[in-house]
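What you see below is based on every heavy atom in this structure, not just the backbone, and it leaves out hydrogens, waters and symmetry mates. Chain letters run A, B, ... following the sequence lines, proteins first, then strands; residues in each count from 1.
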Amino acid sequence: MESKAPVLINAVPPYGHVIASEKWRNTSLIQHLKGGGVKIIFENELGVSDFHLPNKSCILYISECDIIAGNSYKRKLVRYRNAGSSFQELVLVENTRLSEQYFSAVQKFVLFDLGLTLLPVSGQTEASQLITQIVHGESRENPFKRRSSSRLLDPLVLALVQQVPGVGRVKALALLQHFSSIHQLCNAAPAELESIVGQAAAQQIHSFFHKPTTADN
DNA sequence: ATGTGTCTACG
DNA sequence: CGTAGACACAT
């Protein structure tokens with residue numbers, strides 16, 4: 001399956017602008033962006049991604065509806081990742097009262113299985129603030145446009161690793177110092193894990209990753 | 001922040 | 001094999 005619009009998929013918006021997929025027209029997120037002084041260019045051939053940002057990052061937005069409705073967001077994520085754009089691929093995920101029970105499963109999938117960078121937001125308003133900040137370059141130290149998917153020193157990854165049974169603060173830190181990517185951690189041989197966290201935890205970690213299904217429904 | 005049970009490392 | 005300390009996890 002060849003993509004039919006490769007040029008647009010790699011389109012970089014001018015400074016101060018965001019390229020948004022048509023379907024976002026008349027949403028509160030767009031209204032907030034305009035309110036924040038961000039110019040919007042609508043485009044219907046963006047591919048799977050929802051937004052393109054001037055700093056060569058793109059965004060896929062997973063709403064609480066996507067999450068609750070179930071499985072289709074995973075397909076979207078996979079296509080997003082396989083699009084193989086030259087952009088820094090970000091994933092914004094709504095973490096709300098309704099979606100919070102599924103949030104860690106989404107986290108697990110996005111980070112561990114796909115190796116993408118996940119940014120939790122409470123809703124479209126917070127998402128718009130985040131995007132505005134990136135567009136205006138207000139934060140010098142953007143954890144995103146760096147290579148935060150491989151530099152996994154961010155607190156989110158640390159928290160996620162600690163969700164693995166038998167892994168707490170100390171072992172999570174030790175693991176992240178030893179492995180330079182999430183995938184290395186997932187595919188690590190039990191023996192290698194054992195040298196870091198000991199035998200019992202190593203077995204638990206290995207089980208956690210090479211377990212029945214990656215999807216816990 | 002503290003307590004309790006479990007694991008790791010070492011004598 | 002038994003103990004002391006480190007650790008995860010719940011309170």
- Query: Would you say A:Q203 has more than 12 foreign heavy atoms packed within less than 6.0 Å of its CD?
  - Reply: no
- Do NZ/NE/NH1/NH2 and the carboxylate oxygens of A:D113 and A:K74 come within less than 4.0 Å? no
- Distance, rounded to the nearest Å, where A:L173 contributes CG and C:dC7 contributes C1': 14 Å
- Message: Students often mix this up, so state it plainly: with edges at 30° and 60°, are the rings of A:W24 and A:F51 parallel, tilted or perpendicular?
- Response: tilted
- Atom-pair distance (CD on A:Q162; P on C:dA8), nearest Å: 8 Å
- Relative to the ring of A:Y73, is the ring of A:F109 parallel (under 30°), tilted (30 to 60°) or perpendicular (over 60°)? perpendicular
- Message: Less than 3.5 Å apart, any donor N or O on the side chain of A:S207 or A:H210 sitting next to an acceptor on the other?
- Response: no
Each nucleotide N or O in nucleotides 6-11 of chain B that has a protein N or O under 3.5 Å away: list the pair and distance.
unit_1 : atom_1 : unit_2 : atom_2 : d
B:dT8  : OP1    : A:Q199 : N      : 3.0
B:dT8  : OP1    : A:A200 : N      : 2.7

- Rounded to the Å, how far apart are A:Q163 CD and C:dA8 P? 14 Å
